[in-house]
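Worksheet: one structure, shown below.
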Number of protein chains: 2
Amino acid sequence: MIGDRPPGSSEPSRREQIYRVAGRLFSERGYHATSMRDLAAELGIQGGSLYAHISGKEELLSEIVQRAARQFDEALFSLRTEDLTPQERLREAMSRHLTVIAENMETATVFFHEWKHLSPEPLSAVISWRDGIEAFYRELIAQGVEAGVYRLDLNIKMAANLVLSSVNWAYTWYRPGGQLSPQDVAASFEQMLLSGLEQPVLEKPIREKK
Amino acid sequence: MIGDRPPGSSEPSRREQIYRVAGRLFSERGYHATSMRDLAAELGIQGGSLYAHISGKEELLSEIVQRAARQFDEALFSLRTEDLTPQERLREAMSRHLTVIAENMETATVFFHEWKHLSPEPLSAVISWRDGIEAFYRELIAQGVEAGVYRLDLNIKMAANLVLSSVNWAYTWYRPGGQLSPQDVAASFEQMLLSGLEQPVLEKPIREKK
DNA sequence: CCTACCGATCGGTAGG
DNA sequence: CCTACCGATCGGTAGG
């Protein structure tokens, strides 16, 4: 049993290498446009040799998508029990959500573009996951409304939609290594979302009716 | 020359039928996962017969993506010369942008997912298009800042990013035929974006320092 | 628009 | 992990 993988080594196992390269190629070319021979060539081996490590192409996609979902879950769901104000909680959720995407741009791209190509079981798992994330954000916002910090007339579904749009779309434009950290983006988005783009009209006197 | 296409007929030409079915299949299965035989079968003809009407698979993708870009351009760029307040202009832009997506969900999906698979010339055209749209929204927002209706400390790039996120992401969740019209979504998003989610603190008295 | 076909490439396997 | 190979399917064409 010893020696199957380098135990104290920092090198990823061959299997891990395959997942990583697959994630990159799938994000660049798309799942169906990437052949197993393309993938093998990037790893310096023959196409058939991949099957000593993995069971098939579908497993690669399924694993990449499931890992992405798990990363979001691990980043976000612990927030439920943390003692924060509603605004802090929302900001923290956006920040972590953006961080997962920013630190895994390739995986995020595969996740958002290729999940529809999964076979039925992992496909339905992803759909359930998406429902769970939407419910999570709706809950965050509903808590803020109940606490009286968000507008009482908020359409919670649409507000959650807006927040999710702002963080998810980042996979198309965010540039890791650029000037903006995921926290910067989250702070900027959250400020705009909470306070609005509009200049508030200050000290407007109460006027007599017409 | 007469009779090439039914002149007064409302039936689309075969070529148009091919584009429409291709748009649907590409959006459902992805470009590379759709074979020309799949497409032909949907039209009730043989695979090879497609080539009497089109030059190749790439032309289909290129045409679908370019049409989508044109639809956005036609909907949005006329706004530049219309006499509206900055808020009206932004709301109208979001409304039209969402309408293009809502009324062409399949095309929008192909547009956002498959443009990377274009050959170099149409690919660079799409990239230029995207730059143009970003500039358009930044300009809309900058005008509002100059007019004093948006916050002076707005990060215009990020604000445009936020607006674009909110409208573009709709291709993933909007359901045509549901309760919400694109105008409803635009009104809801615009209200939240301009005024913010937060309950404004009204009549807060000016306090003495500490 | 069909029949018949082209070379290329696909995911995957057997046997070593 | 390689060699050699499988059947299936791909985009596209010739000739009608």
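These values consider heavy atoms only, across backbone and side chains, with no hydrogens, waters or symmetry-generated copies. As the structure is a computational prediction, the values presented were derived from the model and not from experiment. Naming convention: chains lettered A, B, ... in sequence-line order (proteins, then strands); numbering from 1 in each chain.
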Between atom [atom1] in [X] and atom [atom2] in [N], what is the gap in whole Å?
X        : N      : atom1 : atom2 : result
B/Glu58  : D/dG11 : CD    : P     : 13 Å
A/His117 : C/dC10 : NE2   : P     : 17 Å
B/His32  : C/dG11 : NE2   : P     : 12 Å
B/Met36  : C/dC5  : CE    : P     : 22 Å
A/Leu39  : C/dC10 : CG    : P     : 12 Å
A/Phe26  : C/dG11 : CZ    : C1'   : 12 Å
B/Leu60  : D/dG12 : CG    : C1'   : 13 Å
A/Leu43  : D/dC2  : CG    : P     : 11 Å

Distance test, side-chain N/O of [X] to OP1/OP2 of [N], below 4.0 Å:
X       : N      : result
B/Tyr51 : D/dT13 : no
B/Ser35 : D/dC10 : yes
B/Ser49 : C/dC2  : yes

Inset, instruction - Assess A/Lys57 against A/Tyr31: is NZ or CZ under 6.0 Å from the centre of the six-membered ring, and within 45 degrees of the ring's axis? - result: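 Satisfied, under 6.0 Å and within 45°.
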Inset, instruction - Could you tell me whether B/Lys157 sits above the aromatic face of B/Tyr137, with NZ or CZ closer than 6.0 angstrom to the six-membered ring centre and within 45 degrees of the axis? - result: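 Pair B/Lys157/B/Tyr137 does not count as cation-pi.
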Legend entry - G-U wobble or Watson-Crick pairing nucleotide for C/dG16 (cut-off 3.5 Å, both distances):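 Across any shown strand, C/dG16 pairs with D/dC1.
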Inset, instruction - Could you tell me which nucleotide pairs with C/dG7 by Watson-Crick or G-U wobble geometry, both distances under 3.5 Å, or answer none if nothing does? - result: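 Matched C/dG7 with D/dC10 under the 3.5 Å cut-off.
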Inset, instruction - Compare the minimum distances between each of D/dG11, D/dC2, C/dG11 and the side chain of B/Lys57, then state the nucleotide with the smallest one. - result: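 So the nucleotide nearest the side chain must be D/dG11.
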Legend entry - From C/dC5, C/dC1, D/dC2, nucleotide with atom closest to A/Gln46 side chain: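 Comparing C/dC5, C/dC1, D/dC2 against the side chain of A/Gln46, the answer is D/dC2.
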Inset, instruction - Can you label the angle between the A/His113 ring and the A/Tyr171 ring as parallel, tilted or perpendicular, going by 30° and 60°? - result: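 The arrangement is perpendicular - the two ring planes meet at more than 60°.
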Legend entry - Position toward the 5' end of DNA chain D (nearest nucleotide), A/Ala52 or A/Arg37: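 Nearest nucleotide further toward 5': that of A/Ala52.
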Mind checking if [X] touches a base, just sugar-phosphate, or nothing, with heavy atoms under 4.0 Å?
X       : result
B/Gly47 : nothing
B/Ser55 : nothing
A/His53 : sugar-phosphate

Inset, instruction - State whether the side chain of B/Glu59 and the backbone N or O of B/Ser55 hold a donor-acceptor pair below 3.5 Å, judged by distance alone. - result: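 Answer holds: yes.
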Legend entry - Close aromatic pair by centroid cut-off 6.0 Å: B/Phe112 and B/Trp169: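 No - the distance between ring centres of B/Phe112 and B/Trp169 does not fall below the 6.0 Å cut-off.
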